[in-house]
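Everything below concerns the one structure shown next.
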Amino acid sequence: MKITKKDHRYFNTSDEVRLHYIDKGTGQVLLIVPGFAQSVEQYEKQILGLCDRYRILAIDMRGHGCSEKVGYGYKVARFSKDLHEFITFLNLESIILLGHSIGTAVIWTYLELFGFNQVAKLICMSHPAVMVSNPLWTSVEVEHYGPLVSSASLLDIVNSFTHGKGDEYSHIMLNRMLSDNIPALDKQWLLNSSLKLPRAQAAALMYNCFHMDWRDLLPRITVPTLVIVGRAGLVSASSQIWLHKQIPHSKMVIFEENEGGKHFMFYENSDKFNQVVDEFIQLNE
């Protein structure tokens, strides 16, 4: 089985951006929203591994993958509107939303703006409640909220993207997100895929997303939710344990380091990841 030409499709957003998506399989809809600078091609193992049981939809957000590279709209709220328009375009109901990293933030924003009516379940991977630290927080709060950067270091990163060092920084960050034993060719392929998002637009999206705070939304999530994280990942397991405790009746799976448990666990250990997703979808709450 493979992804064929007919599985690749497009639709236009209300602000005239052509977005690419893959549509494969039939049945219950599992809609994948990739993370920062990721593309749907990185989820081939999920698409092919699960399309015999579900209808798998995977969307390249604007600027990402094969979607149109425009110079505007690189904000989480606009991405969530794109997602809403996509769901409306396909007239989807009772969907399972799966988001990784910033893809999770897009889904959370979608829920806050458009509600839960079309959503049956959520799968949230490796995204903390808050991404920029507050110097007034206690060590326990830092452990729970899971910030990745300070305000000053975020500006340094954003400036590196907009002043010609974005490719270099992307390479460094990707190495931190992957296990040491992943083949060099796979690393290079993942990097090349991520670089399809222009660096100036990557900086705008990062700056916007990193300043969001999801702590008040988590207790209001009313659909069955699965939280997935890697023990050795960029996002701390402790922050995801706290997040899991904030979401009523949620479940959690931690990939240990020897199971590919870093930031790309879906890529490094696709067999276990697909099994975990399948079991959660089949679970009767």
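Heavy atoms only: backbone and side chains are in, while hydrogens, waters and symmetry mates are out.
- Remark: His20 engages His8, Tyr10 in a ring-ring contact (aromatic ring centres under 6.0 Å, His included) (not counting sequence neighbours).
- With contacts defined as side-chain heavy-atom distances shorter than 4.5 Å, the pair Met61/Ile59 qualifies.
- Within the 3.5 Å criterion, the main-chain N or O of Ser94 finds a donor-acceptor partner in the side chain of Gln28.
- Within the 3.5 Å criterion, the main-chain N or O of Ser153 finds a donor-acceptor partner in the side chain of Ser150.
- Of the possible donor and acceptor atoms, none in the side chain of Lys251 sits under 3.5 Å from a partner among the backbone N and O of Phe280.
- Applying the salt bridge (charged side-chain N to carboxylate O under 4.0 Å, His left out) definition to pairs two or more places apart or across chains, those involving residues 77-86 are Asp15-Arg78, Arg62-Asp82, Arg78-Asp82, Arg78-Glu85, Lys81-Glu85.
- Evaluation of the salt bridge (charged side-chain N to carboxylate O under 4.0 Å, His left out) test over residues 227-250, restricted to residues two or more places apart or in two chains, returns Arg231-Glu256.
- For the pair Glu268 (side chain) and Ser179 (backbone), a donor-acceptor distance under 3.5 Å is present.
- Among all heavy-atom pairs drawn from Ala237 and Val229, the shortest one is CA-CG1, 4.1 Å.
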Handout entry: Trace of the side chain to side chain contact (heavy atoms under 4.5 Å, CB included) decision for Leu30 with Leu57
Key = CA-CA 6 Å; Leu30 173 63; Leu57 295 167; over 6 Å; no
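- Each of Leu226, Leu98, Val223, Val227 was compared with Leu122 under the side-chain contact (heavy atoms from CB on, under 4.5 Å) criterion, and only Val223 meets it.
- Separating the CE atom in Met212 from the CD1 atom in Ile102 is a distance of 10.5 Å, to the nearest 0.5 Å.
- Considering CD1 of Ile87 and CZ of Phe114, their distance stands at 9.0 Å, rounded to 0.5 Å.
- Two residues are said to be in side-chain contact when any heavy atoms from C-beta on lie closer than 4.5 Å; Ile96 and Leu31 fail this criterion.
- Val76 and Ala105 get closest at one heavy-atom pair: CG1-O, 3.7 Å.
- Residues meeting the side-chain contact (heavy atoms from CB on, under 4.5 Å) test with Glu141, sequence neighbours left out: Trp137, Thr138, Tyr145.
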Problem - Full working for side chain to side chain contact (heavy atoms under 4.5 Å, CB included) between Leu283 and Lys121 - result: CA-CA 11 Å; Leu283 184 65; Lys121 292 185 176 184; 4.3 Å; yes
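- Taking 4.5 Å as the limit, some side-chain heavy atom of His244 sits within range of a side-chain heavy atom of Ser250.
- Shown here for Tyr267 and Gln42, the closest heavy-atom pair between the two residues is CD1-O, 3.7 Å.
- With sequence neighbours left out, the side-chain contact (heavy atoms from CB on, under 4.5 Å) criterion links Glu41 to Ser39, Trp189, Ser193, Lys196.
- In summary, Glu257 and Lys262 do not engage in a salt bridge, as defined by a charged side-chain N under 4.0 Å from a carboxylate O.
- For residues 21-30, the set of pairs meeting the salt bridge (charged side-chain N to carboxylate O under 4.0 Å, His left out) definition, not counting sequence neighbours, comprises Asp7-Lys24, Arg9-Asp23, Asp23-Arg55.
- Counting heavy atoms from C-beta outward, Leu190 and Leu178 have side chains that approach closer than 4.5 Å.
- In this structure the side chain of Ile254 reaches within 4.5 angstrom of the side chain of Met252, judged on heavy atoms.
- Note on Ile172 and Leu148: separate hydrophobic clusters, where clusters join Ile, Leu, Val, Met, Phe, Trp and Tyr whose side-chain heavy atoms are under 4.5 Å apart, directly or indirectly.
- Take Ser236 and apply the side-chain contact (heavy atoms from CB on, under 4.5 Å) test, not counting sequence neighbours, and it matches Ser238, Ser239.
- The shortest distance between side-chain heavy atoms of Cys124 and Thr225 falls below 4.5 Å.
- Residues satisfying the side chain to side chain donor-acceptor pair (under 3.5 Å) test with Gln275, not counting sequence neighbours, are Glu279.
- Proximity of a side-chain donor or acceptor of Tyr74 to a complementary backbone N or O of Val70 within less than 3.5 Å is detected.
- Remark: Lys272 is positioned above the aromatic ring of Phe255, its terminal NZ or CZ atom under 6.0 angstrom from the ring centre and at most 45 degrees off the axis.
- Between the side chain of Asn274 and the main chain of Val276, no donor-acceptor pair closer than 3.5 Å is present.
- Judged as a side chain to side chain donor-acceptor pair (under 3.5 Å), the pairs with a partner in residues 104-118 (not counting sequence neighbours) are, in order, Glu112-Arg220.
- Rounding to the nearest 0.5 Å places CD of Gln38 at 6.5 Å from OG of Ser101.
- The backbone N or O of Leu19 sits nowhere less than 3.5 Å from a side-chain atom of Asp60 that would complete a donor-acceptor pair.
- Using a 4.5 Å heavy-atom threshold, the side chains of Leu243 and Trp214 count as separate.
- The number of heavy-atom neighbours closer than 6.0 Å to NE2 of His171, taken from other residues, nucleotides and ligands shown, is 12 or below.
- Considering CD1 of Ile247 and CG of Leu217, their distance stands at 8.0 Å, rounded to 0.5 Å.
- Between Arg199 and Ser170, the side chains place a donor N or O and an acceptor N or O closer than 3.5 Å (distance only, hydrogens not considered).
- Remark: Asp271 CG to Glu259 CD distance equals 12.0 Å, nearest 0.5 Å.
- Residues Met265 and Ser126 share a closest heavy-atom pair of CE-OG, 3.6 Å.
- Rounded to the nearest 0.5 Å, atoms OH (Tyr207) and OG1 (Thr162) are 12.0 Å apart.
- Looking only at side-chain heavy atoms (C-beta outward), Leu50 and Asp278 come within less than 4.5 Å of each other.
- A continuous path of ILVMFWY side-chain contacts below 4.5 Å connects Ile32 to Met1, so both sit in one hydrophobic cluster.
- Every residue was checked against the side-chain contact (heavy atoms from CB on, under 4.5 Å) condition with Asp156, not counting sequence neighbours, and none meets it.
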Exercise for the section: Determine, stepwise, if the pair Val33 / Phe79 fulfils side chain to side chain contact (heavy atoms under 4.5 Å, CB included). Expected result: CA-CA 10 Å; Val33 184; Phe79 278 32; over 6 Å; no
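- Looking only at distances, a side-chain donor or acceptor of Thr88 sits under 3.5 Å from a matching main-chain atom of His84.
- With a 6.0 Å radius and a threshold of 12 heavy atoms from other residues, nucleotides or ligands, Lys187 has its NZ atom above the threshold.
- Pairs engaging residues 30-56 under the ring-ring contact (aromatic ring centres under 6.0 Å, His included) rule: Tyr43-Phe266 [sequence neighbours left out].
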Practice task
Evaluate the criterion side chain to side chain contact (heavy atoms under 4.5 Å, CB included) for residue pair Trp242 and Arg215; output intermediate values, then yes/no.
Solution key: CA-CA 10 Å; Trp242 179 85; Arg215 287 174 292 176; 3.9 Å; yes
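- The ring of His127 has its center no closer than 6.0 angstrom to the ring center of His100.
- For Tyr21, the ring-ring contact (aromatic ring centres under 6.0 Å, His included) criterion is met by Phe86, not counting sequence neighbours.
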